[in-house]
Number of protein chains: 2
Amino acid sequence: MEAHADAIREKLKSKGLKITPQRVSILESFHVIGDHPTADQIIDLVRQKNPNIATGTVYKTLDTFVKNGVITKFRTESEAARYDFILTHHHHLFSSDDDHIEDYENKDLDQLLDDFFMRHNIPNFKIKAIKLQIIGRFSPS
Amino acid sequence: MEAHADAIREKLKSKGLKITPQRVSILESFHVIGDHPTADQIIDLVRQKNPNIATGTVYKTLDTFVKNGVITKFRTESEAARYDFILTHHHHLFSSDDDHIEDYENKDLDQLLDDFFMRHNIPNFKIKAIKLQIIGRFSPS
DNA sequence: GTCTCTGCAAACGTTTTGCAAGTAG
DNA sequence: CTACTTGCAAAACGTTTGCAGAGAC
């Protein structure tokens with residue numbers, strides 16, 4: 001029934017995490033919401049199928065996933081943290097009008113930045129990662 | 001006594017904001033804390049000289065300052081928002097070990113990014129600003 | 001004198017915690 | 001069987017709000 005269920009079980013197993021219905025539900029929700037959900041959005045969605053799931057459980061689970069490299073967590077201008085199912089290095093486009101966020105991935109850009117900082121070393125600082133926050137306006141396509 | 005007091009009064013006046021001891025204290029605190037303080041750090045510092053200042057007042061004041069372009073506000077991986085006294089466009093270096101943050105400003109970098117996105121247009125998106133989060137490790141100088 | 005700002009306390013939204021009961025392995 | 005996970009409720013944390021009194025201009 002759920003197309004991603006097997007892949008999700010595999011992923012949990014490969015990280016040495018126990019497979020529970022709650023965990024599977026939470027990971028499935030990323031495929032439905034797609035975007036970059038807040039904990040609250042995940043709770044709402046998961047409760048449609050599993051009304052008894054506790055708020056604390058979702059937070060603990062998301063935390064476990066972040067710690068085990070299943071998902072990542074980031075923050076925007078607004079209060080609530082957001083979770084990201086995509087693990088490969090990427091940047092974000094932020095709408096200046098609302099909370100909408102999209103991914104942006106471009107190897108040339110990353111190469112350009114690498115080259116730049118190779119040439120312009122920052123004193124007493126060793127770069128581990130560079131993330132761009134690209135703020136602007138989405139226009140209807 | 002306070003070296004920056006006059007400049008601060010000028011700045012408030014130029015923005016059409018009333019000059020109150022609380023507002024002056026809060027702006028002075030940026031020169032003491034230097035870094036990128038949280039509201040909480042500002043409250044602690046301001047209370048050393050002005051023990052009666054209310055939490056709500058500090059938040060409201062910081063908000064007023066942001067709205068009037070006196071300071072800016074941004075978020076990091078951690079919970080609390082941070083405030084920035086520097087208004088010119090700049091990027092941030094984030095310590096991967098602790099909460100330390102430093103500014104990074106480089107016109108060449110900004111030019112490089114402008115050129116890049118001029119050549120690589122993002123469909124249905126109009127860029128307004130680009131902020132780099134440069135994550136890494138500060139080494140003792 | 002007017003209008004804004006301040007202090008206070010209550011409340012809000014998000015997230016964390018402690019613990020007893022439940023469940024995956 | 002054991003260790004980890006869940007549900008629940010309380011509380012912690014950062015922040016916002018409403019209001020009455022105080023203060024800047």
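Just so it is clear, the structure is predicted and the values come from calculations on it, not from any experiment. Letters A, B, ... are given to chains in the order of the sequence lines, protein chains preceding strands, and every chain is numbered from 1.
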At 4.0 Å (heavy atoms only), tell me whether A:Asn52 reaches a base, stays on the sugar-phosphate, or touches nothing. sugar-phosphate

Within this structure, what is the CG-to-P distance between A:Asn50 and D:dC8, rounded to whole angstrom? 10 Å

Side chain of B:Lys73: nearest nucleotide among D:dT6, D:dT16, C:dT14? D:dT16

Per the atom types in the model, does the base of C:dG18 pair as donor or acceptor with the side chain of A:Lys60 at under 3.5 Å? yes

B:Lys13 atom NZ is separated from C:dT4 atom P, nearest whole Å, by 19 Å

Going by an N to O cut-off under 4.0 Å, is there a salt bridge joining B:Arg82 and B:Asp99? yes

Over how many whole Å does the gap from B:Leu12 atom CG to C:dT6 atom P extend? 10 Å

Could you tell me if A:Gln111 and A:Asp115 have a donor-acceptor pair between their side chains, going purely by distance under 3.5 Å? yes

When you check the gap from the basic side-chain N to the acidic O, do A:Glu28 and A:Arg23 get nearer than 4.0 Å? no

Closest to the B:Tyr59 side chain: D:dT16, C:dT6, C:dT15? D:dT16

Which word best sums up how the rings of A:Phe116 and A:His120 line up, parallel for under 30°, tilted for 30 to 60°, or perpendicular for over 60°? parallel

Kindly point out which of D:dG7, C:dG25, D:dA24 is positioned nearest to the side chain of A:Ala54? D:dG7

Consider the side chain of B:Thr57, meaning its heavy atoms from C-beta on, and name the nucleotide among C:dG7, C:dT15, D:dA3 that approaches it most closely. C:dG7

I want to confirm an ordering. Mapping A:Gly56 and A:Asp40 to their closest nucleotides on DNA chain C, which one lands closer to the 5' end? A:Asp40

Using the rule that two of Ile, Leu, Val, Met, Phe, Trp, Tyr join whenever any of their side-chain heavy atoms come within less than 4.5 Å, decide whether B:Phe138 and A:Ile130 are in one cluster. yes

Rounded off to whole Å, could you give me the CG-to-P distance for the A:Asp63 and D:dC4 pair? 16 Å

Looking for any heavy atom pair under 4.0 Å, which part of the strands does B:Thr61 touch: base, sugar-phosphate only, or nothing? sugar-phosphate

What's the closest nucleotide to the B:Ile19 side chain, out of C:dT6, D:dT15, D:dC25? D:dC25

Considering only heavy side-chain atoms of B:Gln22, the closest of C:dT14, C:dG7, D:dT5 is C:dG7

Just compare C:dC5, D:dT15, C:dC8 and give me whichever is closest to any side-chain atom of B:Lys18. C:dC5

